[in-house]
Amino acid sequence: MRALILGGDGYLGWPTAMAFCRAGHEVCAVDNYLRRKIARDTHSDALMANPLLPERAALFERLTGAKIEVAIGDCCDFAFLSGLVGKFAPDVLVHYAEQPSAPYSMMGYDKAHATLSNNLTATFNTIWAVMQHAPDCHIIKLGTMGEYGTPNIDIEEGWIDIEHKGRSDRFLFPRQAGSLYHTTKVLDTDLLWFYVRIHGLRVTDLMQGPVYGLSTDEADLDLRLLPNFHYDDIFGTVVNRFLVQAVARIPLTVYGRGGQKRGYLNLRDTLQCVALAAAHPPAKGELRILNQFTETFSVNELAERVQRVGRSLNLAVEIQHLDNPRKEMEEHYYNPAHHGLAELGLKPHLMTDDVVAAMLERVFEYRDRIVADRIMPRVRWR
Ligand code: USQ
């Protein structure tokens with residue numbers, strides 16, 4: 001396949017580009033370094049230094065003989081994106097090119113507007129570029145489990161059958177996101193669904209939970225190929241933050257009571273899920289929605305697990321409950337379906353103690369680079 005990876009410099013985009021390339025596909029990775037710029041502006045640099053995309057691609061080629069094409073540019077620039085889609089003619093386009101931080105999107109008008117404008121424009125331009133130049137291309141869009149929020153009913157996989165006054169129909173499952181960032185993903189889904197209905201696009205929307213980890217088959221070839229691993233309050237996801245806090249002997253920052261449940265997955269499983277979606281495209285005119293996570297945990301369960309494994313490695317891990325900077329339910333029902341990817345063949349890498357220990361050991365190698373004042377939450381929802 002010819003695979004265009006939008007957001008190819010990111011935590012998920014770069015490992016995806018390597019994995020697709022290694023699997024024998026023609027890959028072009030696209031990025032404008034927005035995440036690096038926001039990280040610099042908010043003093044949220046990643047744990048390890050990540051070479052720029054052309055350098056990473058050159059190193060990957062030296063090590064594997066496989067070539068990742070690189071295009072530096074902004075997906076919000078329609079002339080750039082449409083020219084690229086026209087020239088590259090992708091069979092599959094994986095769209096990660098979004099501002100992915102919930103806290104950043106809650107920092108005030110400018111950052112909220114930047115998130116809304118970037119995310120919606122990148123999705124809109126993707127749709128139009130594909131419609132104009134590659135109408136059979138399969139768009140794989142990274143959505144988020146956060147689109148559904150935490151309703152007091154079971155969460156279905158994208159769609160729900162509703163009976164109302166003796167009649168029934170199928171609708172998108174109700175969405176009620178907990179941050180402006182997550183809300184942009186709801187709006188993305190609505191845009192995609194509109195153009196699928198009207199123009200017969202072929203789309204998979206992957207509702208992904210928080211991802212953890214830094215090891216993949218390709219990233220393990222050389223430390224300079226590792227994904228950008230954040231532990232700060234802006235870009236760091238909760239498990240990655242807890243790993244770094246454990247190594248730095250900073251008490252684990254559980255927000256509020258810690259009963260918040262989410263569906264989590266290992267970075268390796270993100271790669272598997274995207275590959276499976278690409279290998280099994282939906283029909284034209286279909287919006288396929290898959291819930292992408294392998295296990296659900298509360299924040300307390302995650303903290304206790306990192307503490308237990310950390311202590312077995314002689315790390316003195318403590319847990320602290322902070323006043324919750326977010327507005328979210330801290331105790332709630334959570335039962336999301338996730339059959340679709342398993343039916344496509346997903347073999348989960350679960351969060352065993354060995355997996356946690358291996359991640360702690362890798363983070364430990366970078367302990368001198370941990371900056372303690374990047375840990376505490378700086379952004380409050382209210
Ligand atoms: N949390 C803590 N302590 C921390 C950090 C987070 O208790 O130090 C809690 C949060 O309050 C939340 C849960 O952990 O209840 C998950 O937070 P997170 O920061 O790991 O994840 P979130 O902000 O929801 O966003 C991340 C990614 C985002 C992706 C999303 C999937 O940054 O791009 O869309 O995970 S999901 O959460 O399923 O919507």
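Because the structure is predicted, anything quoted here is derived from the model rather than measured. Read the numbers this way: they start at 1 and go in the same order the structure lists the ligands and their atoms.
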* Asked: Salt bridge between Arg311 and Glu318, side-chain N to carboxylate O under 4.0 Å?
  -> yes
* Asked: If you measure every N/O of Val299 against every N/O of ligand 1, is any gap under 3.5 Å?
  -> no
* Does Tyr181 have a heavy atom less than 4.0 Å from any atom of ligand 1? -> yes
* To do: Hey, can you tell me if Phe235 and His230 have their rings parallel, tilted or perpendicular (30° and 60° cut-offs)?
  => tilted
* **Arg175 with Asp190: basic N within carboxylate O range, under 4.0 Å** => yes
* Is Gly209 close to ligand 1, meaning an N/O of one under 3.5 Å from an N/O of the other? -> no
* Structure fact -> One finds that the ligand 1 atoms under 4.0 Å from a non-hydrogen atom of Gly146 are 36 (S), 38 (O), 39 (O)
* **Nearest neighbour of atom 1 (N) of ligand 1 from the list Tyr96, Tyr255, Phe297, on a heavy-atom basis** => Tyr255
* Who's the nearest protein heavy-atom neighbour of atom 20 (O) of ligand 1, and how far? -> Val238 N, 2.7 Å
* Exam field: side chain Arg305 to backbone Met351, donor-acceptor pair closer than 3.5 Å -> yes
* Structure fact -> Taking only non-hydrogen atoms of Pro100 and a 4.0 Å limit, the atoms of ligand 1 in range are 28 (C), 32 (O), 33 (O)
* Asked: What part of Glu328 sits under 4.0 Å from ligand 1 if we count only heavy atoms: the side chain, the backbone, both or neither?
  -> side chain
* Asked: Of the choices His182, His230, His321, which has the non-hydrogen atom that lies closest to atom 24 (O) of ligand 1?
  -> His182
* Have Thr296 and Tyr334 got a donor and an acceptor in their side chains that come within less than 3.5 Å? -> no
* Structure fact -> If you compare Arg262, Gln260, Arg326, Gln292 by their heavy atoms, the one closest to atom 17 (O) of ligand 1 turns out to be Arg326
* Asked: Counting both backbone and side chain atoms, is some N or O of Ser101 under 3.5 Å from an N or O of ligand 1?
  -> no
* Asked: How close does the nearest protein non-hydrogen atom get to atom 36 (S) of ligand 1, and which residue and atom is it?
  -> Thr144 OG1, 3.3 Å
* To do: Look only at interatomic distance and state if Gly143 has a nitrogen or oxygen under 3.5 Å from any nitrogen or oxygen of ligand 1.
  => no
* So among Leu192, Leu93, Leu6, which one has a side-chain contact (heavy atoms from CB on, under 4.5 Å) with Lys141? -> Leu192
* Mutual orientation of the aromatic rings belonging to Trp193 and Trp159 [parallel < 30°, tilted 30-60°, perpendicular > 60°] -> perpendicular
* Structure fact -> Within the 4.0 Å heavy-atom cut-off, what Pro210 brings close to ligand 1 is both
* To do: Applying side chain to side chain contact (heavy atoms under 4.5 Å, CB included), name anything that partners Met329, two or more places apart in sequence or on another chain.
  => Thr150, His332
* To do: Would you mind listing which atoms of ligand 1 come within a distance below 4.0 Å of any non-hydrogen atom of Ala102?
  => 23 (O)
* To do: Kindly say whether the aromatic ring centers of Phe173 and Tyr148 come within a distance under 6.0 Å.
  => yes
* **Polar contact flag for Thr253 and ligand 1 (N/O pairs, less than 3.5 Å)** => yes
* Asked: Could you go step by step and tell me if Thr16 and Tyr96 meet the side chain to side chain donor-acceptor pair (under 3.5 Å) rule?
  -> CA-CA 10 Å; Thr16 304; Tyr96 294 109; 2.5 Å; yes
* To do: Please name the residue in the list Val239, Asp269, Thr237, Leu265 that meets the side-chain contact (heavy atoms from CB on, under 4.5 Å) test with Val211.
  => Leu265
* Structure fact -> shortest atom 26 (C) of ligand 1-to-protein heavy-atom contact is with Thr237 CG2, 3.7 Å
